[in-house]
Trainee: 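Here you go, one structure.
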2 protein chains.
Amino acid sequence: MNEVDDEARFLAAYDLGAYPRPSVAVDIALLTVADGALHAALVQRAGHPQRGRWALPGGFVRPGESPEDAVGRVLRVKTGLTDVYTAQLATFGDPDRDPRGWVVAIAYYALVPVDRLRAGLTTADDIVLARVLVPDGTPLAASAVAVAESGEIPLAFDHAAILGRAALRVRGRLWYAPIAFELMPDEFTLRDLQLTYEALLGRETDKNSFRRRILASGLVAPVGRRRAGMRARPAELYRFDRRPADA
Amino acid sequence: MNEVDDEARFLAAYDLGAYPRPSVAVDIALLTVADGALHAALVQRAGHPQRGRWALPGGFVRPGESPEDAVGRVLRVKTGLTDVYTAQLATFGDPDRDPRGWVVAIAYYALVPVDRLRAGLTTADDIVLARVLVPDGTPLAASAVAVAESGEIPLAFDHAAILGRAALRVRGRLWYAPIAFELMPDEFTLRDLQLTYEALLGRETDKNSFRRRILASGLVAPVGRRRAGMRARPAELYRFDRRPADA
DNA sequence: AAAATAGTGTCTATGAGACACTATAGT
DNA sequence: ACTATAGTGTCTCATAGACACTATTTT
């Protein structure tokens, strides 16, 4: 009997189910920049547990589905969005993190321009855009605070920690990966882009320095038009140039 | 009836088990630097599936256990090591990644000085230290290649991809987090440290530049002794200074 | 003395912050 | 003409690579 048949027979008889298994969910820090500040989409929990509290959009991963698939499904169902930039953040598996029982959450962050996000949110009213305050002087494992007009919003489960980690991750990757462009409309001015960077970084940056870096990166290409109608000199419009900067 | 009682009653009756759940495992890229090169600990699979192939040490997460707990347990059982630096890498949840069925793997990387690792491996002989080749010019999702004296070692499941990601993660964090010290003995020379950096980076660095950076970082403190017995001028010994560089 | 390794001096290139300056639109 | 915003010139400072040099030990 050869090894391949042997393995095939083994697999047919194999039963993973002998051991207890956790539920696996995805939770998504769906981020955008609005009014010059970082915001996250939050859904109000309709049922128990933690009814009435606000949570990151999420859901259980279904059989035959990859976690990335689940993220796409959750975003589509809860916000109507497709083709959103998403990246894995971290996995939270503390056995006590969810009062319903053993739930391992794979956390993702997603970035989408405000306008697209707002368009999706008009349909559902159990979902809001809340401003995210990242406590500064943040080392690691810093919890974010979500704020709406009504004041601070209490988050469910460990979602404040996830949100904080997501904000810090985005901040840390900002200069190394072209993720800020995921938050921009198709055409934007360098000033717009700088405001997005500043919102994500939580601090101001020098104008000239910023322009040099962006233009030198080659990630941006002028469209050849300018944005008029403002009350001063019109700014050149740019678009994100996805080309991998070929040699 | 108040909200708290309501929620308590709900939780008592709640059954997560209505939905199918995956098994959740941890896989550990246990890394060290030996002979001036990155190495990983690999265990030979005793049973099916993929019997005879080499895999990262790993195991299923048990009920009541956090993934970090599971990592600690696996390291203790398979290598005898405790107090090892570990950090989460990423979670791999593709439904087809394991032929046994639906297994979500939370991948970690762990760093340990060679001497400690070798001491642990002497007890078990189904575990080896294999050199890790990270294909250069690596963008992302680069698979590593494990090499032993006998030549290239075929890895089980998606472990080559995990190992590649781990190597790149360590490389990327090297200058931003004091992780290289996790690979050093208690006392070391700056030359030793530089060789470790070079092994992880996969390239040489300038001696003077390296010394300036390390000494300026304040992460290192001279012990006040030197290492003699070499065939030239003895080098000053340093130790890792974990103090958070107080103001 | 020669070899080998530890450790330093110093030049240059690069890149980012600071900030004053010029340019061009609307009113 | 005035104001507001876009865009540039240029100085300084910090950091890292290059590389030659000095220092100290073993043989």
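Just so we're on the same page: letters track the sequence lines, and every chain starts at 1. Everything quoted here is computed from the prediction, not taken from an experiment.
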Trainee: To the nearest angstrom, how far is A/R226 atom CZ from C/dA23 atom P?
Mentor: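 Distance check: A/R226 CZ to C/dA23 P gives 14 Å.
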Trainee: Tell me what B/R211 touches on the nucleic acid: a base, only sugar-phosphate, or nothing, going by heavy atoms under 4.0 Å.
Mentor: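 It contacts base atoms.
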Trainee: Roughly, in whole Å, what's the span from CG in B/L174 to P in D/dA16?
Mentor: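 The distance from CG of B/L174 to P of D/dA16 comes to 13 Å, rounded to the nearest Å.
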Trainee: Roughly, in whole Å, what's the span from CZ in A/F210 to P in D/dT8?
Mentor: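 Computing the A/F210:CZ to D/dT8:P distance gives 14 Å.
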Trainee: I need the CZ-P distance between B/R212 and D/dC19, as an integer number of Å.
Mentor: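 Taking atom P of D/dC19 as the reference, CZ of B/R212 is at 14 Å.
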Trainee: Output the residues of residues 182-195 of chain B in contact with DNA chain D, where contact means a heavy atom of the residue under 4.0 Å from an atom of the strand; sort by number or write none.
Mentor: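 By residue number: none to list.
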Trainee: Using a cut-off of under 3.5 Å, enumerate the N/O to N/O pairs linking the protein to nucleotides 1-3 of chain D.
Mentor:
none

Trainee: Whole angstroms only, please: what is the NZ-C1' distance between A/K207 and C/dC19?
Mentor: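 Interatomic distance, NZ of A/K207 to C1' of C/dC19: 11 Å.
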Trainee: With DNA chain D as reference, determine whether B/S209 or B/P234 sits nearer its 5' end, using the nearest nucleotide of each.
Mentor: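 In this pair, the answer is B/S209.
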Trainee: Salt bridge between B/D83 and B/R116, side-chain N to carboxylate O under 4.0 Å?
Mentor: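 Salt bridge absent between B/D83 and B/R116.
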Trainee: Within the supplied structure, the quantity of interest is the number of heavy atoms (other residues, nucleotides, ligands) at a distance under 6.0 Å from B/R131 CZ; does it exceed 12?
Mentor: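 Result for CZ/B/R131: open.
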Trainee: What residues, two or more places apart in sequence or in another chain, satisfy side-chain contact (heavy atoms from CB on, under 4.5 Å) together with A/S209?
Mentor: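 Scan of A/S209 (side-chain contact (heavy atoms from CB on, under 4.5 Å), adjacent residues dropped) gives A/D206, A/R212.
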Trainee: Charged N to carboxylate O under 4.0 angstrom, B/D192 versus B/R227?
Mentor: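 Yes.
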Trainee: Assess whether side-chain contact (heavy atoms from CB on, under 4.5 Å) is satisfied between B/R165 and B/Y109, documenting all intermediate values.
Mentor: CA-CA 9 Å; B/R165 288 271 292 268; B/Y109 61 94; over 6 Å; no
Trainee: With no hydrogens and no angle check, just 3.5 Å: does a side-chain donor-acceptor pair link B/T86 and B/E68?
Mentor: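 No, B/E68 and B/T86 have no side-chain donor paired with an acceptor closer than 3.5 Å.
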Trainee: Go through the steps for B/E198 and B/K207 under the test salt bridge (Lys or Arg N to Asp or Glu O under 4.0 Å), then give the verdict.
Mentor: CA-CA 11 Å; B/E198 292 180 341; B/K207 177 171 60 164; over 6 Å; no
Trainee: What's the CG-P distance between B/D206 and C/dC11, to the nearest Å?
Mentor: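 Checked: the CG to P distance equals 16 Å.
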Trainee: By nearest nucleotide on DNA chain C, pick out whichever of A/R233 and A/T205 is the more 5' one.
Mentor: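 Looking at DNA chain C, the more 5' nearest nucleotide goes with A/T205.
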Trainee: Taking CG from B/L215 and C1' from C/dA6, how many angstroms apart are they, rounded to a whole number?
Mentor: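 Atom CG in B/L215 sits about 13 Å away from atom C1' in C/dA6.
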Trainee: Is it true that, when you exclude A/E204 itself, more than 12 heavy atoms of the residues, nucleotides or ligands shown sit nearer than 6.0 Å to its CD?
Mentor: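 At most 12 heavy atoms, drawn from other residues, nucleotides or ligands, come within 6.0 Å of this atom.
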Trainee: Would you please test B/W175 and B/L201 for side-chain contact (heavy atoms from CB on, under 4.5 Å) and show each step?
Mentor: CA-CA 10 Å; B/W175 293 114; B/L201 292 172; 4.0 Å; yes
Trainee: Would you kindly give the CD-to-C1' distance between B/E204 and D/dA16, to the nearest whole Å?
Mentor: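 Those two atoms, CD and C1', are 16 Å apart.
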Trainee: Regarding A/R213, tell me which of base, sugar-phosphate or nothing describes its non-hydrogen contacts under 4.0 Å with the strands shown.
Mentor: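 Touches sugar-phosphate only.
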